[in-house]
There are 2 protein chains.
Amino acid sequence: MYVYQVKHGAVRSYKLLSDGRRQIGAFHLAGDIFGLENGDKHRFTAEAVVETVARLIKRESLQLAAARDAVVSHNLLSMITRNLEHAEDHMLLLGRKTAVERVAAFLLEMDCRTGADKMSLPMTRLDIADYLGLTFETVSRALSSLRKAGVLTFLDHDQREIMLNDRRRLADFDPQGPAQP
Amino acid sequence: MYVYQVKHGAVRSYKLLSDGRRQIGAFHLAGDIFGLENGDKHRFTAEAVVETVARLIKRESLQLAAARDAVVSHNLLSMITRNLEHAEDHMLLLGRKTAVERVAAFLLEMDCRTGADKMSLPMTRLDIADYLGLTFETVSRALSSLRKAGVLTFLDHDQREIMLNDRRRLADFDPQGPAQP
DNA sequence: CGCGGCGTTGACGATGGTCAATTTTCGTGG
DNA sequence: CCACGAAAATTGACCATCGTCAACGCCGCG
């Protein structure tokens, strides 16, 4: 019914299997718009990960605007396309990357989206695990091994604040796709 | 530059990692339109899996038509949305399902898309594996175990022609997502 | 014929999952 | 403010699923 824009905080959207296994499709951070992806039926469940403020937009009014204004309609299309791109990249990660590669890719993604070297990850290890198709123990171990390798540091007393020491070396852990042939 | 519609045959579109690991994002069968997903740069490589005939559409002319005709533009949006839905479901499969569950889900998807009980899979075991995030050996073993369980039968020595004996029982191997809470 | 591609199957091993113990953090209420 | 309990995170030991490596069969094609 609505489309949302995160003002601040973080939101996860996910799917469940009947026995409770969860796959988080995306995290939505400050500025992100979500809820867009739906046709009519909602296909994802969205929950706040931390205290979050979001702006509400009536889907209906958006569709009206899109119907009349080609620019709005174009922006809508390009936002959905971005979602699709993200999903495509994430399929590659889920289908073909190892645990450390996934965690490295995740850190690079978050780093890229938040801007600063010092990141504060709003989500728990379990959330990260369900995003990456791993268990939280494996995520924890991967982070520890990256810390031991010296590419990142946990900042005082809060293992959610992470400092990237060497982005280049971190990127070496994540084999990005080459130019497609 | 172009958008394609498969007349008959089958196409795979995939991404690669630098060391050659491959993730197939989708198979395009007769009737399917693909190449749509792109912004400007192509993000997937597409190859025919078997002898294939496809229709070409100039992207430019499609965009022109979409800009002037709201119906075309709407159809375009809903096709991309379908792609996105598929990618979302596939993330759940890749992140959270076991080998047999993946293969069962794949068979159900193909069955659903081709219509008949008797399916002929145009792609090799390796293609299936790269679609499901597995190895071809694991795919082969999963198929064998489903055959031993009696839910399917190989119809030819080629093992590409498959007969589904019991769709219900096959579906039991694939834990679909419940109504999202 | 023999060779190469595809598929199946077995033996073995590694990556990541499971289970459990421990520590730190944090929220709540005395 | 401190104490307590719950939640989050780390770490270790063990194990299962799936990947790796290898052998083999079956066809099609030169």
Side-chain angles (χ1 to χ4, degrees), chain A residues 10 12 17 19-23 47 49-51 93-107 120-149 152-162 173 175, chain B residues 10 12 17 19-23 47 49-51 93-107 120-149 152-162 173 175:
Chain A
R12 59 182 173 233
L17 292 179
D19 58 1
R21 280 173 282 176
R22 182 178 68 156
Q23 179 63 44
E47 290 173 346
V49 167
V50 287
E51 267 32 20
L93 179 147
L94 293 171
R96 288 300 176 216
K97 291 187 183 174
T98 67
V100 206
E101 287 168 358
R102 293 178 201 206
V103 171
F106 169 73
L107 291 174
S120 135
L121 303 175
M123 66 292 285
T124 67
R125 300 290 190 259
L126 180 59
D127 287 327
I128 301 176
D130 285 351
Y131 178 61
L132 300 178
L134 300 169
T135 61
F136 64 86
E137 291 98 329
T138 301
V139 170
S140 181
R141 278 186 253 267
L143 285 171
S144 294
S145 88
L146 288 174
R147 178 171 46 75
K148 278 176 202 135
L152 60 85
T153 314
F154 292 143
L155 299 181
D156 300 337
H157 298 354
D158 188 351
Q159 25 275 61
R160 304 255 189 114
E161 297 266 321
I162 286 184
F173 284 90
Chain B
R12 58 181 175 237
L17 292 180
D19 58 1
R21 282 173 281 176
R22 182 179 68 156
Q23 179 63 43
E47 290 173 346
V49 167
V50 287
E51 272 25 25
L93 179 149
L94 292 170
R96 286 303 176 214
K97 292 187 183 175
T98 67
V100 204
E101 289 168 356
R102 292 179 201 205
V103 172
F106 170 73
L107 291 174
S120 137
L121 302 176
M123 66 291 286
T124 68
R125 299 291 190 258
L126 180 58
D127 288 327
I128 301 177
D130 284 351
Y131 178 59
L132 300 178
L134 301 169
T135 61
F136 64 86
E137 292 98 329
T138 301
V139 170
S140 180
R141 279 186 252 267
L143 286 171
S144 294
S145 86
L146 289 173
R147 177 171 47 73
K148 279 174 201 138
L152 60 84
T153 314
F154 291 144
L155 295 181
D156 59 347
H157 77 275
D158 237 25
Q159 326 291 61
R160 299 268 189 107
E161 297 264 322
I162 286 184
F173 283 90

To the nearest 10 degrees, the angle between the two end axes of the helix from C/dC1-D/dG30 to C/dG30-D/dC1 (five pairs per end) comes to 30°
Residues of residues 124-135 of chain B with any non-hydrogen atom less than 4.0 angstrom from an atom of DNA chain C: list those, numerically ordered, please. B/T124, B/R125
Given atom [atom1] of [X] and atom [atom2] of [N], what is their separation to the nearest angstrom?
X	N	atom1	atom2	answer
B/K97	D/dC18	NZ	C1'	18 Å
A/E51	C/dC26	CD	P	14 Å
A/E137	C/dG16	CD	P	14 Å
A/F154	D/dT10	CZ	C1'	9 Å
A/L121	D/dA9	CG	P	10 Å
B/R96	C/dG16	CZ	P	13 Å
B/D156	C/dG7	CG	P	11 Å
B/I162	C/dG7	CD1	P	10 Å

Distance (rounded to the nearest 0.5 Å) between B/L93 CG and A/L94 CG: 10.0 Å
Rounded to the nearest 0.5 Å, what separates atom OG in A/S120 from atom CZ in A/R160?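 These two atoms lie 8.5 Å from each other.
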For a quick check, with a 4.0 angstrom heavy-atom cut-off, what is the B/S/- contact string for nucleotides 23-30 of chain D, read 5' to 3'? ----S---
Sequence neighbours excluded, which residues qualify as side chain to side chain donor-acceptor pair (under 3.5 Å) partners of B/S144?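 Expected list: none.
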Does C/dC6 have OP1 or OP2 sitting under 4.0 Å from an N or O in the side chain of B/Q159? no
Those residues at least two apart in sequence (or on a different chain) that pass side-chain contact (heavy atoms from CB on, under 4.5 Å) with B/T153 are B/M163, B/N165
Please list, chain by chain and in numerical order, all residues satisfying side-chain contact (heavy atoms from CB on, under 4.5 Å) with B/A10, sequence neighbours excluded. B/L29, B/V49, B/V50, B/P122
Selection: residues 139-148 of chain B, any non-hydrogen atom under 4.0 Å of DNA chain D: B/R141
Taking the side chain as everything from C-beta on, heavy atoms only, tell me whether B/R141 gets closer than 4.5 Å to B/V100. no
Flag the pair B/L143 / B/Q159 as yes when at least one side-chain heavy-atom distance between them is below 4.5 Å, and no otherwise.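 They are not in side-chain contact.
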Produce the list of close N/O pairs, under 3.5 Å, pairing protein atoms with atoms of nucleotides 2-5 of chain C; give distances to one decimal.
none

What residues, two or more places apart in sequence or in another chain, satisfy ring pair (Phe, Tyr, Trp, His ring centres under 6.0 Å) together with B/F173? none
Could you pull out all residues at least two apart from A/R22 that satisfy salt bridge (Lys or Arg N to Asp or Glu O under 4.0 Å)? A/D127, A/D130
Taking only residues two or more places apart in sequence or in another chain, which ones pass salt bridge (Lys or Arg N to Asp or Glu O under 4.0 Å) with B/R21?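 Partners of B/R21 by the salt bridge (Lys or Arg N to Asp or Glu O under 4.0 Å) criterion, ordered by chain and then number, come out as A/E101, B/D19.
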For residues 132-140 of chain A, please give each side-chain donor-acceptor pair under 3.5 Å, one per line with the distance, not counting sequence neighbours.
from   : atom 1 : to     : atom 2 : distance (Å)
A/T135 : OG1    : A/T138 : N      : 3.3
A/T135 : OG1    : A/T138 : OG1    : 3.0

Please report the closest heavy-atom contact between A/R96 and B/L17, naming both atoms and the distance.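 Smallest heavy-atom distance, with atoms named: O-CD1, 4.2 Å.
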